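In what follows, a structure is listed as structure tokens, so that the remarks can point back to it.
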Amino acid sequence: MIKIAPSILSADFANLERDIHRISTADYVHVDVMDGVFVPNISIGLPVLQSIRKVTDMFLDVHLMIVEPVRYVERFCDAGADLVTVHVESDTPENIHAAIDKIHAKGKKAGIVLKPATPAEAVLSYLEKVELILVMTVEPGFGGQKFMADMMPKVTAIRKLIDEKNPACELEVDGGVAPDTCKTCIDAGANVLVAGSAVYKAPDIPARIAELRG
Ligand code: DX5
Ligand code: ZN
């Protein structure tokens, strides 16, 4: 079953509760946290996540685009995340492992994220201890960018590694996922699709979520 994770980066932040209820037929709520250092944009953080947690029981998929995420992962768990993902490029391997361990110690799911330039092999030392791997199909930082189809061989390579070493691990893609690009992601082996503008700009959001399932 393909899961859809709408990114609230494309929601109206002045009407966030309404815009979360609008995606109730989706599987996860994808929350993009940006610090203006790891990526050239600033989005939302802990207080907003706490407020979201109060108005929905949906699974909260928190994508941290921040430097040294090990400093903050426990607080994002306490604020209501169900899954916290950290970029492998955002700290040393030791600290990425420590971040994963802290998320697990809070009883939450942990994942790693790869920027477009980061090769598939970067997952190897984390693969057997994470619940999700996220492959970026745009440069992180902004919604509404063009889908990078050249990431598909990486998705396929990681799907093969997951099937061999940790079949329960989910494989997510993020960036430029839309009705014309969702099938290529699914065919490459992704089972969770993040979509921001394709969901929130759609005239009929439930129909668009169904369409993205392929
Ligand atoms: C980009 C974010 C994405 C973004 C996706 O850094 O991680 O989650 O919101 O937006 P679209 O689907 O519009 O490319
Ligand atoms: Zn994201």
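Since the model is a prediction, treat every value here as computed from it, not as a measurement. Whatever order the structure lists them in is the order used to number ligands and atoms, beginning at 1.
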Between Lys115 and Glu89, is there a side-chain N and carboxylate O pair less than 4.0 Å apart? no
Which residue and non-hydrogen atom of the protein lie closest to atom 14 (O) of ligand 1, and at what distance in Å? Gly176 N, 2.8 Å
Which of the atoms of ligand 1 are close to Val194, meaning less than 4.0 Å from one of its heavy atoms? 8 (O)
What protein heavy atom sits nearest atom 10 (O) of ligand 1, and how far away is it? Gly143 CA, 3.5 Å
Assess, by modelled atom type and distance only, whether the side chains of His30 and Asp32 contain a donor and an acceptor separated by less than 3.5 Å. yes
Using the side-chain hydrogen bond (donor to acceptor under 3.5 Å, both in side chains) rule, take Lys129 and His97 through it: C-alpha gap first, then chi angles, then the decisive distance, then the call. CA-CA 9 Å; Lys129 67 190 278 190; His97 278 284; 3.0 Å; yes
With a 3.5 Å distance limit and no angle check, can you tell me whether Asn15 reaches the backbone of Arg18 through a side-chain donor-acceptor pair? no
Which of the numbered atoms in ligand 1 are below 4.0 angstrom from a heavy atom of His63? 7 (O)
Please could you name the atoms of ligand 1 that Pro140 approaches to less than 4.0 Å, counting only its heavy atoms? 6 (O)
If hydrophobic clusters are built from ILVMFWY residues whose side chains come within less than 4.5 Å, do Val192 and Val86 share one? no
For Gly175, the ligand 1 atoms with a heavy-atom partner under 4.0 Å come out as 14 (O)
If the threshold is 4.0 Å, N to carboxylate O, is there a salt bridge linking Glu170 and Lys109? no
Is a donor from one side chain sitting under 3.5 angstrom from an acceptor on the other, for Glu128 and Asn166? no
Who gets closest to atom 4 (C) of ligand 1 by heavy atom: Val31, Thr181, Asp174, Val113? Asp174
A student checking ligand 1 against Met136 at a 4.0 Å heavy-atom cut-off should list atoms 7 (O)
If waters are left out, how many protein N/O/S atoms lie within less than 2.8 Å of the Zn ion (ligand 2)? 4
Quick check: does Ser10 get an N/O under 3.5 Å from an N/O on ligand 1? no
Salt bridge Arg159-Asp163, side-chain N to carboxylate O under 4.0 Å: yes
I need the atoms of ligand 1 closer than 4.0 Å to a non-hydrogen atom of His30, numbered in the order shown. 8 (O)
Give me the nearest non-hydrogen protein atom to atom 12 (O) of ligand 1 as residue plus atom name, then the distance to 0.1 Å. Gly196 N, 2.7 Å
Considering only non-hydrogen protein atoms, determine which one is nearest to atom 9 (O) of ligand 1 and report residue, atom name and distance to 0.1 Å. Ser7 OG, 2.8 Å
Strictly below 4.0 Å, N to O, side chains only: are Lys106 and Asp101 in salt-bridge contact? no
Among protein heavy atoms, which sits nearest to atom 1 (C) of ligand 1, and what does the distance come to when rounded to 0.1 Å? Phe142 O, 3.6 Å
Would Glu172 and His63 count as having a side-chain donor-acceptor pair, cut-off 3.5 Å? no
Under a single-linkage definition using a 4.5 Å side-chain heavy-atom cutoff for Ile, Leu, Val, Met, Phe, Trp and Tyr, are Val29 and Leu134 assigned to the same hydrophobic cluster? no
With a sphere of 6.0 Å drawn around OH of Tyr200, does it hold more than 12 non-hydrogen atoms of other residues, nucleotides or ligands? yes
Hphob cluster co-occupancy, Ile112 + Leu83, side-chain heavy atoms under 4.5 angstrom: no
Does ligand 1 have an atom that lies less than 4.0 angstrom from a heavy atom of Ala195? yes
In terms of hydrophobic clusters joined by side-chain contacts under 4.5 Å, are Tyr28 and Leu60 together? no
Starting from atom 6 (O) of ligand 1, which protein heavy atom do you reach first, and at what distance in Å? Gly141 N, 2.7 Å
Taking only heavy atoms of Met34 into account, list the atoms of ligand 1 that are under 4.0 Å away from them. 6 (O)
Under 4.0 Å from any heavy atom of Leu9, which atoms of ligand 1 are there? 9 (O)
Do me a favour and list the nearest non-hydrogen protein atom to atom 13 (O) of ligand 1 with residue, atom name and distance? Ser197 OG, 2.5 Å
For Arg53, is there an ion pair with Asp78 - N to carboxylate O distance below 4.0 angstrom? no
